[in-house]
Amino acid sequence: MDSAQIDKAVEALMKHSRAQESSSLTDTDAHVYVQVVFKRVPKKPKHPIRLTLKHTMYSKEASVCLITKDPQKYYKDLLKTSNISVERVLGIGKLKKKYKELEAKRILCDSHDVFLVDDRVLPIIPRWFGSYFYRKGKAPIKVKPSKK
């Protein structure tokens with residue numbers, strides 16, 4: 001698809017969005033939803049695929065939580081030597097013990113903006129996270145922490 005055509009479509013969508021009046025006194029942010037449609041249906045991957053965006057979705061101050069395979073200390077040291085800032089690194093064992101109850105999971109979800117998950121433990125994370133994380137728009141993002 002031509003990028004000029006995409007730019008025109010986004011500009012038209014934003015112009016239409018600005019023209020709409022807010023129905024609520026508390027609405028301050030405008031939400032724009034985009035749906036991507038393909039001519040041919042691609043083979044369905046097991047997990048969400050990553051799309052590279054020109055502009056970031058998160059601010060530089062976003063709180064990031066990395067969920068890794070045990071031992072988590074190894075990954076904390078790896079991140080420290082690579083000068084990568086992550087607010088919290090959780091091993092899968094600690095995650096299962098400490099955040100067993102629903103209320104603890106909700107507190108964890110609300111305390112971070114982004115959840116990065118080691119690709120080796122990703123298959124068990126969606127079942128463990130439950131629907132609360134996905135409703136909040138905080139689906140786990142697959143990473144390979146062994147690579148830089």
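Counting all heavy atoms, side chain and backbone alike, L108 lies closest to R88 at CD1-NH1, 3.4 Å. In terms of heavy-atom proximity, L66 sits nearest to V117 at CD1-N, 4.5 Å.
The local environment of NZ in K69 is sparse, with at most 12 non-hydrogen atoms from other residues, nucleotides or ligands closer than 6.0 Å.
The line from CD of Q5 to CG of D7 is 9.5 Å long, rounded to the nearest 0.5 Å. A distance of 14.0 Å separates CG of D119 from CD1 of I141, quoted to the nearest 0.5 Å. To the nearest 0.5 Å, atoms CZ (F133) and NE2 (H112) are separated by 9.0 Å. The NZ atom of K94 sits 12.0 Å away from atom CD1 of I67, with the distance rounded to the nearest 0.5 Å. Note that CD1 of I125 is 9.5 Å distant from CG of D118, once rounded to the nearest 0.5 Å. Summarising the geometry, atom OG belonging to S63 is positioned 7.5 Å from atom CZ belonging to F115; distances are rounded to the nearest 0.5 Å.
Cluster membership for L90 and I124, using ILVMFWY side-chain heavy atoms within less than 4.5 angstrom, is shared.
Of the possible polar contacts, one joining the D70 side chain to the G93 backbone as a donor-acceptor pair under 3.5 Å is found. Remark: the backbone N or O of L79 is not paired with any side-chain donor or acceptor of S82 at under 3.5 angstrom.
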Please lay out, stage by stage, how K76 and T68 fare under the test side chain to side chain contact (heavy atoms under 4.5 Å, CB included).
-> CA-CA 10 Å; K76 284 182 181 179; T68 64; over 6 Å; no

Derivation and outcome, side chain to side chain contact (heavy atoms under 4.5 Å, CB included), residues E87 and V64 | CA-CA 5 Å; E87 188 171 318; V64 179; 5.6 Å; no

Step-by-step side chain to side chain contact (heavy atoms under 4.5 Å, CB included) determination, L95 to W128 = CA-CA 10 Å; L95 188 71; W128 184 86; 3.7 Å; yes

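Paired with C109 under the rule side-chain contact (heavy atoms from CB on, under 4.5 Å), one option of F129, Y134, Y132 passes, and it is Y132.
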